[in-house]
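Reading through the structure tokens given below for one structure.
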Amino acid sequence: MSLPNGPYNPQQNEDEILKYWLENKFYKPEYSPVKDQVVSTEEMKADPREPFSIICPPPNAYGRPHLGNISGYAYQDAMGRYARMKGKKVLLLPGKDHAGLEGEGVFVRDILEKKGVDKFSLSREEFYNQIWKFNMQNKELALKDEQTIGLSADFDRDIFTLDPKIVEIVLSTFIEMFNQNMIYKGVRIVNWDPKAQSVIADNQCVREERKGKIYRIKYPIVDDNNQITGEFITVATTRPETMFGDTAIAVNSTDERYTNLVGRKCLIPLTNTIIPIITSPRVEKEFGTGCLKITPAHSLDDFTIMTEWNQANQANQISYCNVINKDLTLVGPVPSKYLGRKYTDVLPEILSDLKSGEYLISEEELVQNILIAERTKAIVEPIMSSQWFIDIEKIRQPVIDMVKNGDVTIHPKNMEAKFFYWMENLRDWAISRTLWWGYRMPVWYAGPIEERIDNNGKVETFINLNNEWVVLDSTSENHLKVQLESPGTNWIQEESVLDTWFSSGQWPYATLMVNNLMDTFYPTSVMETGYDILENWVSRMMMFSYFKLKKEPFKDIYLHGLVKGTDGQKMSKSKGNVIPMDQAKEKYGVDPLRMVYFYQNSAGASYALTYEKLEMFKNFNNKIWNASKFVLGNFEKNNIQYSIPALDSLRLENSKEIFNHITDVKQKVTKFMDTFKFGLASSTLYDEFWHNFCDKLIEQSKVYLYTQKNKDTGEFISEPKPEELQETVNIFVYALKEYTKMLHPFIPFITEKIWQELPKVEGDHKTVMYSKW
RNA sequence: GGGCAUUUAGCUCAACUGGUUAGAGCACCUCGUUGACGUCGAGGAGGUUAUAGGUUCGAUUCCUAUAGUGCCCACCA
């Protein structure tokens, strides 16, 4: 019943205690604190204790969790530990993420390219096997880190996002959605890498400054009978070659120079194509001529203007017209002399034809930002392509209502605005991705497919059936089937994989279904994650949960702030402001590291992780350690029998003061814990323990413990009275026990160590983890 | 450009959602410390709560405007 001399040694204690927790399987919901053993899952389910569950956001499997992930673990764990002490059966479910695009990128960059291997020299299967192995090896390290930090999750249930059982659930949802007509194949603008001959994602592109030219071109205005009136509208463009794909001219509605032209029509020079003049708030009056030619097929901005216009003007919709093919030749409604030739070759001819027709007014030099493919360095060509979409109309409002009705509460509350803004402005969600590392779509074609551009610049998908190309009909089972297994040897699976969020959006129920725990733990209690993925991830989980189960996936959303580096800047290795976890653990211990995340922090607020703060909480741990040594030392030395004190049986005013102090602190901290105010809970504990309990209450109690002597003369004054001494030490032990429990969710290791040495009474558990709050 | 935050001591942040004298840690100054203290304690200095208005008996807190900073989204024809 005593603690070793000297300062607290976190390294030694943490290993010891972690082993104790893991061996006793305290982390499992099946652990019964009454029987002190693991019971069957069925018995756990029948246990009337209230369930509490958190599905831990899975970190990337390819690497070790960074201090941002660990921040999340600290919060998830604190909630879990608090719930356990409140007598709930607790499940914290851990997992690891394959991290689609990023996971594939890291593997290609750090492994394949270092070995000089090109991704495309491997078959898809080979590639998948290699990256799978790579992830399996690395995820063990991640798991170890989670344990080290004290995350009290049920590690037997740790699961990978590409686990076959999860895959089956995720893909079944795709099939259900397809059968309910919520998934469709549509046409959308994409980034085309002409060198790799593949669609690439936004973050596989980089911007580069290049010198280019901007041309001013006159478009003749026509009247209602499509006759040229002699008026013109002048646009500025850097890409005259896309003019055959123009489907409108846009001006800003507040631009008085053009109000008389809005709603009229004009002619694309060198063609017979008539296009309307529309308005868009995105057009800047000051840039160029203030008139923008809209080429939705070859400019993301124009594509956006088109979708916005069409949404607001149902009766006057404009369309797209794709005039650049995947081999960079011109296609579609293009004058025949240019058709089928590379646009770069044709451009000078187009310019000279414009000049001779007196359409070209001027050309100027200009520095522009061009999109470049990161890997091949090719100029990215925006073109139209078929993609798979989810129609979100049916799920939008129910998900908004979850928050409005209070079924789901977002902490901090001000993030609700962000959430509503996102949900209300959400458009149909494009879910196909050109990757190999992920969930390949369960779509099967009866033959090879090919995308073509027709004479009007429209994208059409053809399928080859019995050596004949026909237009793909995605509603016909003769052309296309959506199912898990291949329908037969001649059927060809869709190349694309699903967007990562399509699978991670199903993570809460998928993981619980795999474990057959839906009945007990769904909806889960809290979703704890960083505020930066509220929109991308949290909203998706709610959408899928509504679609599949018609209920919310979790009751509360706690969004922690992002961890910044030692200099207060965004943490990044290149800036050198990152504290490595191993170093923090070695030098300060896990408890101080965890404490940094909580202390004085509030939901959604970012904060810096500094050595100064680690030092501060290392000192705090040491203070706790020393106070405990003091209390336990006196307890042992004086041979005290511990009993829980009651206020009205206390004789000393001093004892009453301590008793009331504990009651007061406990009430405050409980309130903070229940309202997700972990910053206030932890700082209250820090301040009260150190500056009130230690500095004042313990100090003033010493008269009851020691022989009093005159300071100057050394003359004897009084001897401690045994009854007073007994009561004082007893109340110290009581206070220390309560503090140990209250501090445990935040700093679990040192509190467990101290708890082991404290005298127990009826109702106490052998581990502080299951001791009653 | 749109959205969301944020601005409090030299630095890093609190202030429990309108109520005594705005609090901690680090740094600084002065004392003290041989019975818990890899240190700690007592005390001190340091603030017109970004600026300007407004609401209120009362504003760090609510409202408006301005300026600075950060993040997310969209981006130059």
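Chain letters run A, B, ... following the sequence lines, proteins first, then strands; residues in each count from 1. This one's a predicted model, so the numbers in the text were calculated from it and none came from an experiment.
- The side chain of A/Tyr531 has B/C71 as its nearest neighbour among B/A77, B/G25, B/C71.
- For the pair A/Ala236 and A/Lys613, nearest-nucleotide mapping onto RNA chain B gives the more 5' position to A/Lys613.
- Put simply, CZ on A/Phe598 is 18 Å from P on B/C13, counting in whole angstrom units.
- Checking A/Thr529 against A/Trp537 by side-chain atom types alone, no donor-acceptor pair falls below 3.5 Å.
- Sorted by first and then second residue, the pairs that involve residues 693-703 of chain A and meet salt bridge (charged side-chain N to carboxylate O under 4.0 Å, His left out), not counting sequence neighbours, are A/Glu699-A/Lys702.
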Atom pairs, N/O to N/O, protein against nucleotides 14-16 of chain B, distance under 3.5 Å?
| from | atom 1 | to | atom 2 | distance (Å) |
| --- | --- | --- | --- | --- |
| B/A14 | O5' | A/Gln600 | O | 3.1 |
| B/C16 | O2 | A/Lys671 | NZ | 3.4 |

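- Of the side-chain N and O atoms in A/His691, one or more sit less than 4.0 angstrom from OP1 or OP2 of B/G25.
- Between A/Tyr611 and A/Tyr588, the ring planes are tilted. Angles from 30° to 60° get that label.
- Residue A/Ile214 places its side chain closer to B/A77 than to any other of B/C71, B/A77, B/A24.
- Rounded to an integer number of Å, the gap from A/Met423 CE to B/C73 C1' is 16 Å.
- Comparing A/Asn536 and A/Asp302 along RNA chain B, the residue whose closest nucleotide (by nearest heavy atom) sits nearer the 5' end is A/Asn536.
- For B/U34, neither phosphate oxygen OP1 nor OP2 lies less than 4.0 angstrom from any side-chain nitrogen or oxygen of A/Tyr706.
- Distances shown here put every side-chain N or O of A/Trp690 at or beyond 4.0 Å from the OP1 or OP2 atom of B/C40.
- Using P as the reference atom, B/A5 and B/U64 are 12 Å apart when rounded to the nearest Å.
- Annotation: salt bridge (charged side-chain N to carboxylate O under 4.0 Å, His left out) contacts involving residues 610-621 of chain A, sequence neighbours excluded, are absent.
- Following rounding to the nearest Å, A/Ile305 (CD1) and B/C75 (C1') show an atom-to-atom distance of 11 Å.
- Contacts between residues 617-629 of chain A and RNA chain B, defined by a heavy-atom separation under 4.0 Å, are made by A/Asn619, A/Asn622, A/Lys623, A/Asn626, A/Ala627, A/Lys629.
- Qualifying ring-ring contact (aromatic ring centres under 6.0 Å, His included) partners for A/Tyr734, counting only residues two or more places apart in sequence or in other chains: A/Phe659.
- Inter-residue side-chain proximity for A/Ile624 and A/Tyr739 is flagged as unmet; no heavy-atom pair is nearer than 4.5 Å.
- Sorted by first and then second residue, the salt bridge (charged side-chain N to carboxylate O under 4.0 Å, His left out) pairs with a member in residues 234-254 of chain A read A/Arg239-A/Glu241, A/Arg239-A/Glu381, A/Asp246-A/Lys293; sequence neighbours excluded.
- B/G10 and B/G53 are spaced 30 Å apart, taking the C1' atom of each and rounding to whole Å.
- As rounded to whole Å, 16 Å separates atom P of B/G41 from atom CD of A/Gln700.
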Please write out each protein N/O paired with an N/O of nucleotides 2-5 of chain B under 3.5 Å, distance rounded to 0.1 Å.
| from | atom 1 | to | atom 2 | distance (Å) |
| --- | --- | --- | --- | --- |
| B/G2 | O2' | A/Tyr421 | OH | 3.1 |

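- For the P atom pair drawn from B/A77 and B/A14, the interatomic distance equals 42 Å after rounding to whole Å.
- Partners of A/Asn654 by side chain to side chain donor-acceptor pair (under 3.5 Å), not counting sequence neighbours, listed by chain and number: A/Gln700, A/Ser701.
- Ring planes of A/Tyr686 and A/Phe617: perpendicular class, angle over 60° (limits at 30 and 60°).
- Protein atom CZ of A/Phe689 is 14 Å distant from nucleotide atom C1' of B/C40, rounded to whole Å.
- For A/Ser299, the side chain to side chain donor-acceptor pair (under 3.5 Å) criterion is met by A/Asp302, not counting sequence neighbours.
- Closest to the side chain of A/Glu612, from the set B/A77, B/C26, B/G41, is B/C26.
- The NZ-P distance, from A/Lys702 to B/U33, rounds to 14 Å in whole Å.
- Base pairing in RNA chain B gives the following stems of 3 or more Watson-Crick or G-U pairs, range against range and under 3.5 Å: B:1-7 with B:67-73, B:10-13 with B:23-26, B:28-32 with B:40-44, B:50-54 with B:62-66.
- The gap from the C1' atom of B/C62 to that of B/G19 amounts to 15 Å, rounded to the nearest Å.
- A donor-acceptor contact under 3.5 angstrom links the side-chain atoms of A/Glu699 to the base of B/A36.
- In this structure A/Thr707 satisfies the side chain to side chain donor-acceptor pair (under 3.5 Å) test together with A/Glu719, sequence neighbours excluded.
- If you take atom C1' in B/G68 and the same atom in B/A22, they sit 23 Å apart, rounded to whole Å.
- Taking the six-membered ring where tryptophan is involved, the planes of A/His560 and A/Tyr75 are essentially parallel, since the angle between them stays under 30° and well short of 60°.
- No hydrogens or angles were tested; on distance alone, nothing pairs the side chain of A/Lys696 with the base of B/A42 as donor and acceptor under 3.5 Å.
- Only the P atoms considered, B/U56 is 36 Å distant from B/C13, to the nearest whole Å.
- When only modelled atom types and interatomic distance are considered, A/Trp773 and A/Thr670 share a side-chain donor-acceptor pair under 3.5 Å.
- The same atom, P, is picked in B/U61 and in B/A15; the two are 14 Å apart, to the nearest Å.
- Qualifying side chain to side chain donor-acceptor pair (under 3.5 Å) partners for A/Tyr599, counting only residues two or more places apart in sequence or in other chains: none.
- Put simply, CG on A/Leu685 is 17 Å from P on B/A24, counting in whole angstrom units.
- The separation between A/His298 atom NE2 and B/C76 atom P is 16 Å, rounded to whole Å.
- By the neighbour-count criterion of 12 heavy atoms within 6.0 Å, atom NZ of A/Lys721 is sparsely surrounded, having that number or fewer from other residues, nucleotides or ligands.
- For the pair A/Lys753 and A/Ser628, the minimum side-chain heavy-atom distance is 4.5 Å or more.
- A gap of 32 Å separates the C1' atoms of B/C11 and B/G58, to the nearest Å.
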